[in-house]
Number of protein chains: 2
Amino acid sequence: MDRFVSTFTNKIDAKGRVSIPAAFRVVLERDGYKVGGSAGIYCYPSLDAPALDAGGERLAQKIDGLLAGLPDYSDERDELSVALYGDVQVLSIDGDGRIVLPESLRAHAGLRDAVTFVGLGEKFQMWEPGRFGERRQRAREKVQGHRKLLGSAAGSGSRSGDDPASSLGGGGQGARE
Amino acid sequence: MDRFVSTFTNKIDAKGRVSIPAAFRVVLERDGYKVGGSAGIYCYPSLDAPALDAGGERLAQKIDGLLAGLPDYSDERDELSVALYGDVQVLSIDGDGRIVLPESLRAHAGLRDAVTFVGLGEKFQMWEPGRFGERRQRAREKVQGHRKLLGSAAGSGSRSGDDPASSLGGGGQGARE
DNA sequence: TAAAATCCCATGCGATCCCATAGATGCCCG
DNA sequence: CGGGCATCTATGGGATCGCATGGGATTTTA
């Protein structure tokens with residue numbers, strides 16, 4: 001596995017520590033991070049959501065690439081640089097796979113005593129569980145509008161609705177060695 | 001053959017485990033999954049049905065491809081990412097060909113003590129047996145209407161349209177809570 | 001030196017692995 | 001042609017392992 005997938009919710013303990021889901025740690029390690037080493041994960045406030053974005057080396061390079069695409073000295077680049085680099089924190093992972101979130105980051109995401117980790121492929125987000133619930137709801141509704149896209153992507157391009165039984169007839173001979 | 005076909009109904013045991021139909025396991029292996037390895041199957045709530053969609057690498061690639069088409073950092077991409085990646089679970093298959101369904105997924109499909117696996121070609125769905133029964137009934141009626149369109153093809157194909165799921169009724173013995 | 005951050009160990013629960021059983025199927029050999 | 005044996009699948013249960021979490025102990029910083 002080389003992408004962040006799924007959601008997990010972990011607690012913040014009295015010292016402000018949170019366990020990073022084991023599945024995510026695996027991805028981070030593959031991305032160049034060595035647990036116990038001196039590297040860390042990149043974390044910054046999401047630009048358009050009350051959440052935190054985080055990832056490993058690949059994410060960092062992606063940001064670099066994004067900025068490189070904009071002309072030097074443009075307003076756009078300046079703003080983006082500040083918005084991204086300015087608030088980036090490099091968090092280290094302790095021996096037990098936990099990180100400590102600085103107050104500034106916690107505030108932006110409204111984190112109190114638990115964190116929902118949301119895998120988004122090349123990066124992941126950290127949400128206050130309640131807020132993420134709302135966001136997920138909205139996202140699902142919006143996706144309904146893209147159903148046709150999905151339908152074709154998922155293969156049953158013939159029709160929009162999922163009509164499982166309709167493919168039953170296909171003489172079930174298939175699954176042979 | 002390398003597609004998911006037919007339907008099977010298996011029980012959920014006290015630990016929340018369900019056997020994946022052997023026929024489906026064969027397809028998954030061909031799709032890149034190695035039993036006993038570290039990969040898994042991708043599973044997420046169906047967008048428009050009280051069921052779960054699942055598949056192997058090929059299905060994951062489709063999702064990736066869908067997102068790859070959207071510009072980075074666009075609202076659209078973010079929403080879609082959350083809905084897709086965020087809801088996806090990577091389930092590992094144990095040595096006996098079983099998976100464990102997380103509570104969140106079970107809830108969406110209303111799964112309690114049994115699961116009906118429905119082959120849909122390159123992916124398959126998991127239904128609560130009762131609900132699937134209703135859905136299949138409606139689907140059949142619909143198919144009747146389309147039969148003339150399908151013509152002779154439907155004739156040979158529908159022959160095997162017997163009731164695979166019913167076999168479990170006979171074989172199953174202690175189908176209790 | 002006090003406060004805070006980091007490291008290290010203990011623990012409980014859930015997830016995973018492994019083995020045992022049983023029904024069903026298919027094959028071989030009589 | 002039929003009986004019995006080997007195999008495979010589904011399912012249950014026990015044992016084990018890993019992860020998340022909590023609580024000190026130790027080091028670092030102001």
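Protein chains get the first letters and strands the later ones, always in sequence-line order, with residue 1 at the start of each.
- Out of C:dC18, D:dA20, C:dC8, the shortest distance to the side chain of A:D96 is found at C:dC8.
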### Task
Using a 4.0 Å heavy-atom cut-off, write out nucleotides 25-30 of chain D from 5' to 3' as B (base contacted by protein), S (sugar-phosphate only) or - (no contact).
B-----
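- In the set C:dT16, D:dC19, D:dG12, D:dG12 carries the atom at the smallest distance from any side-chain atom of B:D13.
- B:I20 comes within 4.0 angstrom of the backbone, heavy atoms only, and of no base.
- Looking only at atom types and distance, the side chain of B:T7 has no donor-acceptor partner in the side chain of B:T116 under 3.5 Å away.
- Considering only side-chain N and O atoms, B:S92 lies nowhere under 4.0 angstrom from the phosphate OP1 or OP2 of C:dA15.
- Here the side chain of A:K11 is nearest to one of D:dG23, D:dG12, D:dT21, namely D:dT21.
- As rounded to whole Å, 11 Å separates atom P of D:dA10 from atom CZ of B:F24.
- Here C:dG12 presents its P atom at 20 Å from CG of A:N10, a figure rounded to the nearest Å.
- A:D94 places its CG atom 13 Å from the C1' atom of D:dC19, with the value rounded to the nearest Å.
- In this structure, CD1 of A:I99 is placed 14 Å from P of C:dC7, rounded to the nearest angstrom.
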### Query
Run the ring-ring contact (aromatic ring centres under 6.0 Å, His included) check on B:F24 and B:F4 step by step: do they pass?
CA-CA 6 Å; B:F24 286 11; B:F4 300 102; 5.3 Å; yes
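- Between the side chain of A:E128 and the backbone N or O of A:G130 there is at least one donor-acceptor pair closer than 3.5 Å.
- With sequence neighbours left out, A:D64 forms a salt bridge (Lys or Arg N to Asp or Glu O under 4.0 Å) with no residue at all.
- Minimum atom distance to the side chain of A:R98 is reached by D:dG23, of the listed D:dG23, D:dC19, D:dT11.
- Put simply, CG on B:L101 is 12 Å from P on C:dA15, counting in whole angstrom units.
- The residues B:E122 and B:R3 are annotated as not salt-bridged, no charged nitrogen and carboxylate oxygen being separated by less than 4.0 angstrom.
- Comparing A:R17 and A:F8 by the nucleotide of DNA chain D that holds the closest heavy atom to each, the one mapping nearer the 5' end is A:F8.
- In this structure, the CG atom of B:D113 is 10 Å from the P atom of D:dG12, given to the nearest Å.
- Using a cutoff of 4.0 Å between basic side-chain nitrogens and carboxylate oxygens, B:D53 and B:K123 are scored as salt-bridged.
- Taking atom CG of residue B:L91 and atom C1' of nucleotide C:dA15, one finds them 13 Å apart after rounding to whole Å.
- Within 4.0 Å (heavy atoms only), A:I12 reaches no atom of the nucleic acid at all.
- With hydrogens and angles disregarded, a donor-acceptor distance shorter than 3.5 Å links the side chain of A:D94 to the backbone of A:D96.
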